[in-house]
Amino acid sequence: MWLMRQAGRYLPEYRELRARHEFWDMVRTPELAVEVTLQPLRRMAVDAAIVFCDILVIPEAMGAGVRYGDGGPVLERPFRDAEDLERLADVDVERDVGYLAEAVRGLCAEVHPDRAVIGFAGAPLTLAAYLVEGGPSRDLRHLKALAYRRPDLARDLLAGLADKVVDLLRMQVRAGADLVQVFDSWAGLLSPDDYRELALPAVRRVMRGLERSGVPRVLYLRGAASHLPAAATAGAEVLAIDQSLSLSDARRIVGPGVALQGNLDPAELLGPEERIRRRVAAMIDAAGEGGYVVNLGQGVVPDLPVAGVEAFVDAVVSR
Ligand code: CP3
């Protein structure tokens, strides 16, 4: 059991540190990244630490200029044309994101062997969405326009991103990460056909690149209800799902051979503790036979009460 966005703004000790440092400075300073990662572990009996970083490190390393406003990330220099593919090709993960390897090593030294360390990256489609849209989007219209008008360019972008994601995840595994998770947070905005044609080939490329890494590969999908049958063929050992379908339906779709992760609606953590306990118990029962990792369906957001998050963890531990 662990939580997506386990560290972050819902924790007062995070906000306290964040008041004194810029977000990217925290990400790029291994001692700070390790400290932030450990904050939720000191409070809660979670089984794993997900390294403090962000899925947008590759766009940032491309020089996209990623800033976090209240409405989510803003990219000052979005992806526009074939020339931008060169900015992507020029990213050298070891050189430009080496701080992440150092953070993972530091973290492993702190938490092994009692708890696992999770490395992560954004999925190619989700990274392409931020790069092309320049920020969050309700419909991915610019990315879709690119894919329909310039399919060659869209494919090159997705494949190029997939290769950098593989480099980034392999680097974290070499640094000691026990498993890796790929976040496809925007997949749910695609039609099933577009998911199969655009997103899935790039995710397969990522999973193939990690085949020999020896660690479990987790694929997270927001909007899992539409794409789970296709995503189940991507090559991941674990499919992490949001709350758009029940775990029992998900189990029926993927069978007993693939592990599941998820999927309580984080809004449930706003409810009374007694209700949280009931929902957690029902969720664990619904996971059925096969591997299962308890998690939320989406990340913890800044306005969720710490008490609700702690009640969730307690409910799992005491069951
Ligand atoms: O504890 C952890 O889970 C590890 C760190 C982590 C962050 N982002 C830190 C962060 C992880 C795993 C992510 C993943 C991430 N980032 C995703 C995929 C998961 C999902 O929620 O779908 C996405 C889409 C992003 C992009 C992103 N980065 C957004 C939308 C935001 C702003 C909104 C927010 O939650 O605050 C960020 C910034 C960000 N990444 C923060 C943190 C702690 C907040 C930055 C701040 O302190 O101002």
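Just follow the structure's listing: the first ligand is 1, and inside any ligand the first atom is 1. Basis for what follows: all heavy atoms, side chains included, without hydrogens, waters or symmetry-related copies.
At the top of the distance list for atom 33 (C) of ligand 1, counting protein heavy atoms only, stands Arg9 NH2, 3.8 Å. The protein atom (non-hydrogen) at minimum distance from atom 30 (C) of ligand 1 is Pro73 CD, 3.5 Å. Protein heavy atom nearest atom 19 (C) of ligand 1, with residue, atom name and distance: Phe183 CD2, 3.4 Å. Considering only non-hydrogen protein atoms, atom 4 (C) of ligand 1 sits nearest to Val51 O, 3.6 Å. Of all protein heavy atoms, the one closest to atom 16 (N) of ligand 1 is Asp54 OD1, 3.0 Å. Taking atom 1 (O) of ligand 1 as the reference point, the nearest protein heavy-atom neighbour is Ala7 N, 2.8 Å. At the shortest separation from atom 46 (C) of ligand 1 among protein heavy atoms lies Arg18 NE, 3.3 Å.
Evaluation of the ring-ring contact (aromatic ring centres under 6.0 Å, His included) test over residues 44-65, restricted to residues two or more places apart or in two chains, returns Tyr14-Phe52, Phe23-Phe52.
Counting only non-hydrogen atoms, the option in Tyr68, Phe23, Tyr14 that gets closest to atom 47 (O) of ligand 1 is Tyr14. Closest heavy-atom approach to atom 5 (C) of ligand 1 within the set Ser185, Cys53, Ala123, Gly71: this belongs to Cys53.
Between Arg150 and Asp156 there is no salt bridge, since none of the side-chain N atoms of the basic residue sits less than 4.0 Å from a carboxylate O of the acidic one. Using a 4.0 Å cut-off between charged side-chain N and carboxylate O, Glu35 and Arg42 make a salt bridge. One finds a salt bridge joining Asp249 and Arg252 here, because a Lys/Arg side-chain nitrogen approaches an Asp/Glu carboxylate oxygen to under 4.0 Å.
For a threshold of 3.5 Å applied to N or O pairs, the pair formed by Trp186 and ligand 1 contains no separation below that value. Of the polar atoms of Arg5, at least one N or O is found under 3.5 Å from an N or O of ligand 1, judged by distance alone. The distance criterion of under 3.5 Å between nitrogen or oxygen atoms is not met by Gly299 with respect to ligand 1. Considering both main-chain and side-chain atoms, Tyr130 never comes within under 3.5 Å of ligand 1 through any nitrogen or oxygen pair.
Within the listing of ligand 1, atoms 1 (O), 2 (C), 3 (O) sit less than 4.0 angstrom from a heavy atom of Gln6. Heavy-atom contacts of Phe120 reach the following atoms of ligand 1: 6 (C), 11 (C), 12 (C) (cutoff under 4.0 Å). Residue Gly8 approaches ligand 1 through these ligand atoms, each under 4.0 Å from one of its heavy atoms: 43 (C). Listed by number with element, the atoms of ligand 1 under 4.0 Å from a non-hydrogen atom of Phe52 are 43 (C).
One N or O on the side chain of Glu60 and one on the backbone of Val66 form a donor-acceptor pair closer than 3.5 Å. Using modelled atom types, no side-chain atom of Asp184 and backbone atom of Leu125 make a donor-acceptor pair closer than 3.5 Å. Between the side chain of Glu133 and the backbone N or O of His142, at least one donor-acceptor pair lies under 3.5 Å.
Side-chain contact between Leu88 and Phe79 is absent, with no heavy atoms from C-beta onward closer than 4.5 Å. Phe312 places none of its side-chain heavy atoms less than 4.5 Å from the side chain of Leu304. Val313 has its side chain out of reach of Arg43: every pair of non-hydrogen atoms, C-beta onward, lies at least 4.5 Å apart.
Residue contacts with ligand 1: Ile55 is included, with a non-hydrogen atom under 4.0 Å away. In this structure, Arg222 has a heavy atom closer than 4.0 Å to ligand 1. No heavy atom of Thr37 sits closer than 4.0 Å to any atom of ligand 1.
Between Ser137 and Trp186, the shortest heavy-atom distance links the atoms O-CZ3, 4.0 Å. The nearest pair of heavy atoms linking Asp242 to Ala224 is OD1-N, 3.2 Å. Between Val27 and Ala33, the shortest heavy-atom contact is O-CB, 4.2 Å.
Residue contacts with ligand 1 for Thr126 are absent, since no atom lies close enough (heavy atoms, distance under 4.0 Å).
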